[in-house]
2 protein chains.
Amino acid sequence: MDKQTEQKKVFLEIVQQLRQLIRLEKIQAGEKLPSERVLSERLGVGRSSVREALRSLELLGLIETRHGGGTFLAATHKHQLVEVLSMFILEDEKSKKDVEYTRQIHEKEAIRVISCTEILRTLPVWDSFFVKLEIEGAVNCRDVLREVLITTGNRLALKIWFQLAAYDGDRLNRNSTDEEKIIIQTMLKSMQLGYEKEALQAYEQWMGTV
Amino acid sequence: MDKQTEQKKVFLEIVQQLRQLIRLEKIQAGEKLPSERVLSERLGVGRSSVREALRSLELLGLIETRHGGGTFLAATHKHQLVEVLSMFILEDEKSKKDVEYTRQIHEKEAIRVISCTEILRTLPVWDSFFVKLEIEGAVNCRDVLREVLITTGNRLALKIWFQLAAYDGDRLNRNSTDEEKIIIQTMLKSMQLGYEKEALQAYEQWMGTV
DNA sequence: GTTAAAAAGTGGTCAGACCACTTTTTTGAT
DNA sequence: ATCAAAAAAGTGGTCTGACCACTTTTTAAC
């Protein structure tokens, strides 16, 4: 599984080396980085390779470049953004539990919102899941939760959820078992009736069975 | 305010042109993109510039490159990631409400977790806020919420919150008013005692007054 | 028709050049 | 000695050409 990741990504290595350089040199936010030519020499790579790495970090908002002035470490509040990303992008998956748990935060909130909103909890889409459960005997777990998230109408939360769900995919993107079928039915029914507490209980039970 | 953003970012223009090219050519996920040399010619720029743009998109996970094979549009689930980012990176802030609301999702969840966990709700840090409120008459709203998020121990949720809070900063990074003082005290006290419902009620009231 | 070799295509990297802009240093007039 | 203008150095921005390693396609031989 790790064969591919460790293979060879010279380009990413430069990014990592740059991060290391920033850490070792204790370069603070707003301070200047070594010039491209100096970096090229110190890292033993061509200037164009350095630029490719720098350009990536710039798009991420980690650094800022001023034509003729130099390259500077971006303001701190932008770093936070990068940290979130790098956790995924750089495969820093030392906290899979956090990913799962954070995903569930959004799912629970969506269930609450829908249960408390007449217009949302009476949507015909929920009945469609009942039909599917009856006919096919199972539903795709991810589909159910995605629909829940979509229904709330919070685009940002939806996208964050997509992101989290993508990295927790194996346990999510599958068909429900017979055991889960009953739990999901209970959850959806409670939601439709506006029983927030019962819907959440069923959800917790669902996640607990996985 | 927009003077700087529109100035000149030739590098970002290429990224945009690539996005446009992908859209116009209807290139689907997994399909091949034109080669670097072809792109260089079609866009009227040097190959190194094209590569800088491609490398950025690669770090974002939008594209995949195979040595000797070509450049391919990444799988869809990776796109979602990019969308979240671009919402911030490309300053596409057409949904400030969503940012605020999503931020509050995490804050509410943190309050729930703390209220239900003996070890967390009896932490001495909460008392320190009472002291500060008495002596100085006010606390920094952001500080309170940050401490709440930190306490839960979910690093990922914390970082997402930092990100969201940074873009909703003005209304958050300020001292509490006299009116808020009482509400915050109520919220913290309820949390300490494990009264989840009351703590959340106070929180909702707090956010409602802003 | 199959297979092996050759060719073409493509990404990966480097080196050098030139331009535009900024910062620093030097110069010269007061 | 001071200050302003000019020159120099430093730096990012971009392009070109070259070579290598790898993959895909084409060709040639059987």
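Lettering of chains follows the sequences in order, A, B, ..., and the numbering in each one begins at 1.
Following rounding to the nearest Å, B/Lys32 (NZ) and C/dG11 (C1') show an atom-to-atom distance of 11 Å. In this entry the distance linking CG of A/Leu33 with C1' of D/dG10 reads 16 Å, nearest Å. Counting to the nearest Å, the P atom of C/dG16 and the CD atom of A/Glu36 are 17 Å from each other. B/Glu52 has its CD atom 14 Å from the P atom of C/dG12, to the nearest Å. Rounded to whole angstrom, the span from the CD atom of B/Glu64 across to the C1' atom of C/dT10 amounts to 16 Å. Rounded to whole Å, the distance from NE2 on B/His67 to C1' on C/dT10 is 8 Å. Here the C1' atom of nucleotide D/dG13 and the CD1 atom of A/Ile63 are 14 Å apart, to the nearest Å.
Side-chain atoms of B/Asp143 and B/Arg146, non-hydrogen and from C-beta on, do get closer than 4.5 Å to each other.
Residues from residues 38-51 of chain A that place a heavy atom under 4.0 Å from any atom of DNA chain C, listed by number: A/Gly44, A/Val45, A/Gly46, A/Arg47, A/Ser48, A/Ser49.
The side chain to side chain donor-acceptor pair (under 3.5 Å) search around A/Gln20 returns none, not counting sequence neighbours. For A/Thr65, the side chain to side chain donor-acceptor pair (under 3.5 Å) partners at least two apart in sequence or on another chain are A/Glu58. Here A/Arg42 pairs with A/Glu25 under the salt bridge (charged side-chain N to carboxylate O under 4.0 Å, His left out) rule; sequence neighbours left out. Residues satisfying the salt bridge (charged side-chain N to carboxylate O under 4.0 Å, His left out) criterion with A/Asp127, sequence neighbours excluded, are absent altogether.
Contact check, B/Arg66 against C/dG12: no side-chain N or O comes under 4.0 Å of OP1 or OP2.
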Expected list for residues 27-34 of chain A: side-chain donor-acceptor pairs under 3.5 angstrom, two or more places apart:
residue : atom : partner : partner atom : Å
A/Gln28 : NE2  : A/Lys26 : O            : 3.3
A/Glu31 : OE1  : A/Gln28 : N            : 3.0
A/Lys32 : NZ   : A/Gly69 : O            : 3.3

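Closest to the side chain of A/Ser35, out of D/dG13, C/dG11, D/dT11, is D/dT11. In the set D/dG13, D/dC19, C/dT13, D/dC19 carries the atom at the smallest distance from any side-chain atom of B/Arg37.
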